[in-house]
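Please read through the structure below; I'll follow up with questions.
The figures that follow rest on heavy atoms only: side chains count, while hydrogens, waters and symmetry mates do not. Note that this is a predicted model, so its numbers are computed, not measured.
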Amino acid sequence: MAERDIPEQYLAGYARILSDVAATGRRLTRQELDSRRALGEQAAEAGYGLRALVGAHLAAARAVWPAAPGLADGALAALHQAVDAFAEGYERAQRLAVRQEEAARREFIDDLLYGRSDLGRLAERAERFGLRLSHAHAVAVAQGPAAYTEGDAVPRRVEQALLARFGNRDVLLTTKDGRLLCIAPGHEEEVLPYFAQQAHAAADAGRVALGRPRPGPGGVVQSYEEALNALEMAERLGLDDPVLHAGDLLVYPVLARDRQAMADLVLATLGPLTTARGGAQPLLDTLTAYFDAGCVATEAARRLSLSVRALTYRLARIHHLTGADPSDPAHRYKLQTATIGARLLDWPAKEL
């Protein structure tokens, strides 16, 4: 706003204080300073810019500036005190407004992700934060080596990168339970992969999971839960991929759905490995590496830092103990499914 647009009410008593202090050489009283701070808060709440307000104070000071050179120092000191107190009140009001906005945003995020609010009211609040919940949305969740909080360097860097690349495309970036979240419209297919790239690069570690686009307010919750489940599944399976797509991991929740049936399969198929020297874990690791390498012995041996001969011996030992040959396609599916089940159930570390 221009200086002339600043109402006189925010300069109330200022000229009188300035003239009196310049004439007497005294400092502003506590009451006078408090009145400046209160006016600064009121001006901030009314939406006036600090630059224009300071300009209005300077213009008012010129109108009452003492003609006698000896009074100029006192007037300058009074000007400094008055403007400083006014700016302090203005900044205090702004900090309060920011905290209130952050609290409202946090409450909205909690209600959105946990479905604790009326959907109609939730949709109205969502528009304030740039989301149109009538459309489909997808959620990406980034988990770093340390917990993320609002205002941290990594969230700020990722947000700046998203704004520079996509501008304002109804994308919401926030933190939740120490993780960094990005909620984007389902049709904006470039946003979440770019978020994943930036989050991984900014943290120089960690992992990002992308949920699938889902329609409506409940779709945000579903996509968020898919991303969380993907992170948990990757942790349990020891997956190394820095970016996970929930749609690519759907087979694992299906396998884990009937825990008792999976436990029975693991024990029936891999239970005999516990009789091997050193226990079942080394041979289970061998199966994991072998299947992850596409059943290519040389690649599996490299991943395990073994010779091909040592790997071949382990596979033969597995065949002998379980009666199932990992290299035989007829046996492979049962062995691989049981191996995945063992990782999901944390066997043999946990007794089934």
What pair of heavy atoms forms the shortest contact from Ala289 to Ala300, and how long is it?
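Nearest heavy atoms, Ala289 then Ala300: O-CB, 3.8 Å.
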Calculate, to the nearest 0.5 Å, the distance between atoms CD1 and CG belonging to Ile17 and Asp20 respectively.
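Output value for this atom pair is 8.5 Å.
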Find out whether Leu58 and Leu79 are in side-chain contact, i.e. whether some heavy atom of one side chain is under 4.5 Å from a heavy atom of the other.
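Side-chain contact under 4.5 Å: yes.
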Cluster check Leu28, Val64: I/L/V/M/F/W/Y, side chain < 4.5 angstrom:
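Result: no, two separate clusters.
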Hey, does Leu231 have a side-chain heavy atom less than 4.5 Å from the side chain of Arg207?
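Of all side-chain heavy-atom pairs linking Leu231 with Arg207, at least one is under 4.5 Å.
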Just verifying a value: how many Å separate Leu344 CG and Arg259 CZ, rounded to the nearest 0.5 Å?
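Reported value, rounded in 0.5 Å steps: 10.5 Å.
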Counterpart residues, side-chain hydrogen bond (donor to acceptor under 3.5 Å, both in side chains), relative to Glu41 (two or more places apart):
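For Glu41, the residues satisfying side-chain hydrogen bond (donor to acceptor under 3.5 Å, both in side chains) (neighbours in sequence not counted) are Arg92.
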Taking all heavy atoms of Ala230 and all of Leu249, pick out the closest pair and write down the distance.
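In this case the closest contact between Ala230 and Leu249 is CB-CD1, 3.8 Å.
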Is there a side-chain contact between Lys334 and Thr337, using heavy atoms and a 4.5 Å cut-off?
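In short, these two side chains do not touch, never coming nearer than 4.5 Å.
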Short side-chain donor-acceptor distance under 3.5 Å, Asn229 and Glu225
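No, no side-chain donor-acceptor contact under 3.5 Å.
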Just how far is it from atom CD of Gln160 to atom CG of Leu173, taken to the nearest 0.5 Å?
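Result: 11.0 Å between the selected atoms.
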Please step through side chain to side chain contact (heavy atoms under 4.5 Å, CB included) for the pair Glu188 and Val171, ending with a clear verdict.
CA-CA 9 Å; Glu188 296 282 359; Val171 176; over 6 Å; no
Is His331 reaching over with its side chain to a backbone N or O of Ser327, donor-acceptor style, under 3.5 angstrom?
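Not at all, since once roles are kept as given, no pair shorter than 3.5 Å links the two residues.
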Would you indicate whether the side-chain heavy atoms of His200 and Val243 approach each other to under 4.5 Å?
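They are not in contact (no side-chain heavy atoms under 4.5 Å apart), so the answer is no.
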What I'd like to find out is whether the side chain of Thr286 reaches to under 4.5 Å of the side chain of Thr288, using heavy atoms alone.
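Thr286 does not reach Thr288 side chain to side chain.
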What do the steps show when you test Leu284 against Thr339 for side chain to side chain contact (heavy atoms under 4.5 Å, CB included), and what is the final call?
CA-CA 7 Å; Leu284 184 61; Thr339 300; 3.9 Å; yes
Could you check whether any side-chain N or O of Asp241 sits under 3.5 Å from a backbone N or O of Leu244, counting only pairs where one atom can act as donor and the other as acceptor?
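Checked: no pair found.
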Rounded to the nearest 0.5 Å, how far does NE2 of His57 lie from CG of Leu39?
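Reported value, rounded in 0.5 Å steps: 7.5 Å.
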Single-linkage hydrophobic cluster, 4.5 Å side-chain cutoff, Leu33 and Leu53 together:
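No; tracing contacts between hydrophobic side chains, which count when under 4.5 Å, never links both residues.
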Between atom CG of Leu352 and atom CG of Asp264, what is the distance when rounded to the nearest 0.5 Å?
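So the CG of Leu352 and the CG of Asp264 are separated by 9.0 Å.
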Any salt bridge linking Arg36 with Glu88? Criterion: basic side-chain nitrogen under 4.0 Å from a carboxylate oxygen.
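Salt bridge: no.
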Would you confirm whether Tyr290, through its side chain, and Val296, through its main-chain N or O, come within 3.5 Å as a donor-acceptor pair?
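No, the answer is negative, given that no donor and acceptor are paired below the 3.5 Å cut-off.
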Using the rule that Ile, Leu, Val, Met, Phe, Trp and Tyr join whenever any side-chain heavy atoms are under 4.5 Å apart, tell me whether Ile318 and Leu267 fall into a single cluster.
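In one cluster: yes.
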So, for Val220 and His137, which heavy atoms are closest and what is the spacing to 0.1 Å?
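Minimum heavy-atom separation between Val220 and His137: CG2-CB, 3.9 Å.
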Donor-acceptor contact below 3.5 Å, side chain Thr275 vs main chain Pro272
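Confirmed, Thr275 side chain pairs with Pro272 backbone.
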Approximate separation, where rounding is to 0.5 Å, of Asp292 CG and Leu304 CG
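Between atom CG of Asp292 and atom CG of Leu304 there are 10.0 Å.
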Can the positive tip of Arg332 be found less than 6.0 Å from the middle of the six-membered ring of Phe291, inside 45° of the ring normal?
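No, cation not above the ring by the 6.0 Å, 45° rule.
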Partners meeting ring-ring contact (aromatic ring centres under 6.0 Å, His included) with Tyr148 (sequence neighbours left out):
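In terms of ring-ring contact (aromatic ring centres under 6.0 Å, His included), with neighbours along the sequence ignored, Tyr148 is linked to no residue.
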Taking the side chain from Ser223 and the backbone from Gly219, do they hold a donor-acceptor pair closer than 3.5 Å?
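Absent.
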Is it true that Arg156 and Glu159 make a salt bridge, defined as a side-chain N closer than 4.0 Å to a carboxylate O?
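Looking at Arg156 and Glu159, the cut-off is not met.
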Are the side chains of Glu226 and Arg214 in contact, using a 4.5 Å heavy-atom criterion?
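The answer is yes; the side chains approach within 4.5 Å.
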Minimum heavy-atom separation for Ala140 and Leu192, please, with both atom names.
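Minimum heavy-atom separation between Ala140 and Leu192: CB-CD2, 3.8 Å.
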Test side chain to side chain contact (heavy atoms under 4.5 Å, CB included) applied to Leu283 and Asp285, step by step
CA-CA 5 Å; Leu283 296 179; Asp285 292 340; over 6 Å; no
I'd like to check Lys176 versus Arg179 (side-chain heavy atoms, cut-off strictly below 4.5 Å). Are they in contact?
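Lys176 does not reach Arg179 side chain to side chain.
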Single-linkage hydrophobic cluster Leu273~Tyr313, side-chain heavy atoms < 4.5 angstrom:
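No, no single cluster joins them.
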Let me see the working for Leu270 and Leu287 under side chain to side chain contact (heavy atoms under 4.5 Å, CB included), right down to the final yes or no.
CA-CA 10 Å; Leu270 302 177; Leu287 283 174; 3.9 Å; yes
Would you call Arg26 and Glu32 a salt bridge, taking side-chain N to carboxylate O under 4.0 Å as the test?
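So Arg26 pairs with Glu32 through a salt bridge.
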Please name the pair of heavy atoms, one in Ala246 and one in Gly211, separated by the smallest distance, quoted to 0.1 Å.
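So the minimum-distance heavy-atom pair works out to CB-CA, 4.1 Å.
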Should we say atom CZ of Arg27 is surrounded by more than 12 heavy atoms from elsewhere, each under 6.0 Å from it?
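Incorrect, the count does not exceed 12.
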Flag, side chain of Asp84 to backbone of Gln81, donor-acceptor distance under 3.5 Å
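No; zero donor-acceptor contacts below 3.5 Å.
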For the rings on Tyr10 and Phe86, is their centre-to-centre separation under 6.0 Å?
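Ring centres of Phe86 and Tyr10 not closer than 6.0 Å.
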Measure from the side-chain N and O atoms of Ser305 to the backbone N and O of Ala301, and report whether any donor-acceptor pair falls under 3.5 Å.
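No, Ser305 side chain to Ala301 backbone: no donor-acceptor pair under 3.5 Å.
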Around Glu8, counting heavy atoms of other residues, nucleotides and ligands shown, do more than 12 lie under 6.0 Å from its CD?
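Atom CD in Glu8 is not packed in, count stays at 12 or less.
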What pair of heavy atoms forms the shortest contact from Ala93 to Glu45, and how long is it?
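So the minimum-distance heavy-atom pair works out to CB-CG, 4.4 Å.
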Close side-chain approach of Cys182 to Val139, heavy-atom, < 4.5 Å:
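With C-beta onward as the side chain, the pair stays apart.
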Step by step, would you call Tyr194 with Phe166 a ring pair (Phe, Tyr, Trp, His ring centres under 6.0 Å)?
CA-CA 10 Å; Tyr194 187 74; Phe166 301 107; 5.5 Å; yes
